Amino acid sequence: MSESTYTRVAIVTGASQGIGQGIALRLADDGLDVAINDIGLKREAVDKVVAEIQAKGRRAIAVLADVSSEDEVKRTVEETVQKLGRLDVMIANAGVVHGGVGSPSATVSELSLQNWKNMMAVDVEGVMLCYKYASLQMIKQGQGGRIIGASSVCGKRGFATLGPYCAAKFAVRGLTQCAALELAEHNITVNAYAPGVIDTPFIHGLSDGIQQVKEGLGISHAKTGYPDDIAHLVSYLVSPQAHYITGQAVSIDGGLRMD
């Protein structure tokens with residue numbers, strides 16, 4: 001069965017707001033059906049995104065699940081396939097900027113081990129589980145696929161007091177490269193996006209404003225991006241035209257860091 005004979009289906013994790021929401025809406029505009037994932041506490045926001053996509057004439061479902069749980073990620077993939085028929089695109093977007101214990105920023109000598117573990121559970125293990133169960137389904141289907149994870153400019157250079165977050169986003173880059181090599185024979189590409197400072201509720205929740213975030217990181221000159229900027233990139237990476245791009249963590253940061 002050629003790609004033109006079926007509608008592609010995507011899962012976007014952490015899609016109730018911000019970058020994930022922007023990606024989900026853009027994929028719907030591109031003609032994909034979309035499973036919207038986030039944690040149960042965000043049910044109302046998830047349902048709103050589902051309704052927006054359905055209003056565009058695409059199918060959409062809500063799958064409430066915590067990506068740090070293997071059983072829940074497995075269920076997310078299974079429920080998506082059961083209700084939407086297949087899985088062609090996995091966007092492992094869900095993440096946190098700190099582990100919820102103490103200050104979101106701390107020097108290495110001040111780090112909380114629990115903060116570190118909580119961060120890794122979502123930002124690294126969550127991505128790994130999405131890669132794992134998406135790839136198993138795509139291999140089973142035998143028609144290739146696209147897997148994309150969330151890295152960051154913090155996954156390409158370190159920032160003082162953001163050790164756990166930087167370590168997590170560096171880890172996503174390494175995992176993405178390994179998965180790309182392993183899945184190439186199945187016609188599955190694996191990439192990541194590495195944003196700079198993006199204007200989202202996620203960022204606003206950390207401080208009094210984006211400029212404060214920039215100043216805290218010593219990058220007050222950095223240009224601000226928006227969820228649509230990331231969504232445009234993802235739209236291309238999941239398209240047939242991007243078949244020759246794999247294993248990359250694409251910087252999309254207004255030139256904050258240049259490869």
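Because the structure is predicted, anything quoted here is derived from the model rather than measured.
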Chemist: Mind checking whether V127 and V96 sit in one hydrophobic cluster, side chains of I, L, V, M, F, W, Y counted as touching below 4.5 Å?
Modeler: yes
Chemist: I'd like to check V250 versus Y236 (side-chain heavy atoms, cut-off strictly below 4.5 Å). Are they in contact?
Modeler: no
Chemist: With heavy-atom distances below 4.5 Å as the criterion, would you say the side chains of Y133 and T76 are in contact?
Modeler: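 Sidechains of T76 and Y133: no contact.
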Chemist: For a side-chain contact (heavy atoms from CB on, under 4.5 Å) check, start with the C-alpha distance between K83 and E79, then their side-chain angles and the critical distance, and finish with the verdict.
Modeler: CA-CA 6 Å; K83 293 182 177 180; E79 190 171 331; 3.0 Å; yes
Chemist: Could you tell me if S112 and Q114 have a donor-acceptor pair between their side chains, going purely by distance under 3.5 Å?
Modeler: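 There is no such pair between these side chains.
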Chemist: Do S69 and D71 get their side chains close enough for a donor-acceptor pair, meaning under 3.5 Å?
Modeler: no
Chemist: Locate the shortest heavy-atom distance separating L237 from A242; write the atom from each residue and the value.
Modeler: O-CB, 3.6 Å
Chemist: What closest approach, in Å, do I19 and P195 show between heavy atoms, and which atom pair accounts for it?
Modeler: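 Where I19 meets P195 most closely, the heavy atoms are CD1-CG, 4.4 Å.
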Chemist: Closer than 4.0 angstrom, basic N to acidic O: yes or no for D228 and R26?
Modeler: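 No, D228 and R26 are not salt-bridged.
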Chemist: Could you tell me whether a side-chain N or O of T189 sits under 3.5 Å from a main-chain N or O of R146, the two making a donor and an acceptor?
Modeler: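 No, the answer is negative, given that no donor and acceptor are paired below the 3.5 Å cut-off.
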Chemist: Mind checking the OG1-CG spacing from T246 to L183? Nearest 0.5 Å is all I need.
Modeler: 8.0 Å
Chemist: Give, for atom CZ of R58 and atom CG of D29, the distance between the pair rounded to the nearest 0.5 Å.
Modeler: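 So the CZ of R58 and the CG of D29 are separated by 10.0 Å.
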Chemist: Walk me through it: do I91 and V238 pass the test side-chain contact (heavy atoms from CB on, under 4.5 Å)?
Modeler: CA-CA 10 Å; I91 311 297; V238 306; 4.2 Å; yes
Chemist: Quick one: does Q141's side chain get under 4.5 Å of D88's, heavy atoms only?
Modeler: yes
Chemist: Do NZ/NE/NH1/NH2 and the carboxylate oxygens of K74 and E70 come within less than 4.0 Å?
Modeler: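 Salt bridge absent between K74 and E70.
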Chemist: Determine whether L129 and V67 satisfy the following criterion, side-chain contact (heavy atoms from CB on, under 4.5 Å), listing intermediate values before the conclusion.
Modeler: CA-CA 7 Å; L129 291 169; V67 297; over 6 Å; no
Chemist: Quick check on the hydrophobic clustering: are L25 and V50 connected, directly or via other members, by side-chain heavy-atom contacts under 4.5 Å?
Modeler: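 Both belong to a single hydrophobic cluster.
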Chemist: State yes or no: do I11 and Y131 share one hydrophobic cluster built from I, L, V, M, F, W and Y residues joined by side-chain heavy-atom distances below 4.5 Å, directly or via other members?
Modeler: yes
Chemist: Is the side chain of Q17 donor-acceptor paired with the backbone N or O of T200 at a distance under 3.5 Å, no angle test?
Modeler: no
Chemist: Side-chain heavy atoms nearer than 4.5 Å, only ILVMFWY residues, links allowed to pass through others: does that put L84 and V73 together?
Modeler: no
Chemist: Is there a path of hydrophobic side-chain contacts, each under 4.5 Å between heavy atoms, that joins L27 and V63?
Modeler: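 No, no single cluster joins them.
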Chemist: Does the R173 side chain pair with the main chain of G155, one donor and one acceptor, at a distance under 3.5 Å?
Modeler: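 Checked: pair present.
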Chemist: I'd like to know if the side chain of D38 reaches the main chain of S16, judged simply by a donor and an acceptor atom lying under 3.5 Å from each other, with no hydrogens or angles considered.
Modeler: yes
Chemist: Quick one: are Q137 and T80 in side-chain contact, heavy atoms under 4.5 Å?
Modeler: no
Chemist: Indicate the atoms forming the closest heavy-atom contact of V89 with M138, along with that distance.
Modeler: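 Between these two residues, the closest heavy atoms are N-CE, 3.7 Å.
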Chemist: Are any side-chain N or O atoms of K169 and backbone N or O atoms of A150, one a donor and one an acceptor, separated by less than 3.5 Å?
Modeler: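 Present.
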Chemist: If you round to the nearest 0.5 Å, how far is CG of L111 from CE of M119?
Modeler: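 Going from CE on M119 over to CG on L111, the span is 9.5 Å.
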Chemist: Would you check if T176 and S151 make a side-chain contact, meaning some heavy-atom pair closer than 4.5 Å?
Modeler: no
Chemist: If you define the side chain from C-beta out and look only at heavy atoms, does anything of D229 sit under 4.5 Å from I198?
Modeler: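 No, side chains not in contact.
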Chemist: List the steps, then state whether side-chain contact (heavy atoms from CB on, under 4.5 Å) holds for I139 with I188.
Modeler: CA-CA 8 Å; I139 291 169; I188 299 169; 4.0 Å; yes
Chemist: Rounded to the nearest 0.5 Å, how far apart are NZ of K48 and CD1 of I36?
Modeler: 13.5 Å
Chemist: Kindly give the heavy-atom pair with the smallest separation between A134 and I147, and that separation in Å.
Modeler: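 Smallest heavy-atom distance, with atoms named: CB-CD1, 4.3 Å.
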Chemist: Where is the tightest heavy-atom contact between A10 and L32, given as atom of each residue plus distance?
Modeler: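 Smallest interatomic distance, heavy atoms only, reads CB-CD2, 3.9 Å.
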Chemist: Can you tell me how far CG of L87 sits from CG of D33, rounded to the nearest 0.5 angstrom?
Modeler: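 Those atoms lie 12.0 Å apart.
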Chemist: I need the minimum non-hydrogen distance between S251 and K156, along with the two atoms involved.
Modeler: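 Taking every non-hydrogen atom into account, OG-NZ, 2.8 Å.
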Chemist: Should the heavy atoms of other residues, nucleotides or ligands under 6.0 Å from NZ of K117 be counted, would the total exceed 12?
Modeler: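 Counting neighbours around NZ of K117, 12 or fewer heavy atoms of other residues, nucleotides or ligands fall under 6.0 Å, so no.
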Chemist: Supply the atom-to-atom distance N191 CG to I245 CD1, rounded to the nearest 0.5 angstrom.
Modeler: 6.5 Å
Chemist: Counting C-beta onward and ignoring hydrogens, is there a side-chain heavy-atom pair between D123 and V172 closer than 4.5 Å?
Modeler: no
